[in-house]
Amino acid sequence: MTQVGDLTVGGVLIECDAIQRRVEELAAEIDAAYPSLEQPLVLICVLKGSILFTADLARALTLPVELEFVACRSYGDATTSSGSVELVKDVSMTLQDRDVLMVEDIIDTGMTTAFLRKHLATHHPRSLRLVSLLDKRSRRVRDVEINFRGFDIPDRFVVGYGLDVAQRLRNLRDIHVVEVPESAG
Ligand code: IMP
Ligand code: MG
């Protein structure tokens, strides 16, 4: 058990071996979903949480890819959404007529993804799809289409494999649940 402030990092929800197997399966699905690429697929890593997933997914794909990065802010250091999303870092290339795949660690309320999808659509990409490693669908506020989904998870706060609590524990290999005390959550 690890303590971060008054949060307790609990048991393993998804083991690293299961994550790696699922990433390989997702990569195979994605490879098959783009039979007529004209240019490399643009993977948009949504910082910071998706960094490890993007790194593994990019290496599991056989398609040619380019990597781009965006950052949004929707959470403070707490475990509940602030309700508003802002762009902290935009893409640094034009996405016009490109096949674009947003790479998310987790879809929770869907606010971040809804915001980003709208923003990226203004670039007029050839296609715009979404892969998310985790789907916490019971908390959805905005309806978002997830084209490639890793795991459905229950309404629990999770850390590891890129996901943080107060910027910590992104480097855990497995995905763990966090016990949030009543007062904090
Ligand atoms: P949404 O906008 O509510 O869908 O949340 C998107 C962002 O919230 C994710 O990209 C994560 O950074 C963060 N988030 C949501 N749930 C969790 C969680 O269980 N653990 C860590 N971060 C989370
Ligand atoms: Mg986060």
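Worth saying up front: this structure is predicted, and the values here are computed from it rather than measured. In each ligand, atom 1 is the first atom listed, and ligand 1 is the first ligand listed.
- When Val158, Asp105, Val46, Thr112 are checked for heavy-atom proximity to atom 19 (O) of ligand 1, Val158 turns out nearest.
- Evaluation of the ring pair (Phe, Tyr, Trp, His ring centres under 6.0 Å) rule for His124 yields no partner, not counting sequence neighbours.
- For Arg156, the heavy-atom gap to ligand 1 drops under 4.0 angstrom.
- Near Asp164, with a cut-off below 4.0 Å to any heavy atom, the atoms of ligand 1 are 21 (C).
- Residue Leu163 has no N or O atom closer than 3.5 Å to an N or O atom of ligand 1.
- Contact atoms of ligand 1 toward Glu104: 10 (O) (distance under 4.0 Å to a heavy atom of the residue).
- Using a 4.0 Å heavy-atom cutoff, Gly110 is listed among the residues neighbouring ligand 1.
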Report the C-alpha separation of Asn171 and Tyr161 in whole Å, then their side-chain angles, then the decisive distance to 0.1 Å, and conclude whether the side chain to side chain donor-acceptor pair (under 3.5 Å) test is met. CA-CA 6 Å; Asn171 57 327; Tyr161 196 66; over 6 Å; no
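- Classified by interplanar angle (parallel below 30°, tilted 30° to 60°, perpendicular above 60°), the ring pair Phe115/His119 is parallel.
- Under 4.0 Å is where a charged nitrogen must lie from a carboxylate oxygen, and between Glu15 and Arg21 no such pair does.
- Contact annotation: the side chain of Arg129 never approaches that of Met102 to less than 4.5 Å [non-hydrogen atoms, C-beta and beyond].
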In residues 38-48, what donor-acceptor pairs under 3.5 Å come from side-chain atoms, sequence neighbours left out?
{"from": "Lys48", "atom 1": "NZ", "to": "Gln167", "atom 2": "OE1", "distance (Å)": "3.0"}

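- Residue contacts with ligand 1 include Ile106, since one of its heavy atoms falls under 4.0 Å from the ligand.
- Close approach of ligand 1 to Lys136 (heavy-atom distance below 4.0 Å) involves ligand atoms 16 (N), 17 (C), 18 (C), 19 (O).
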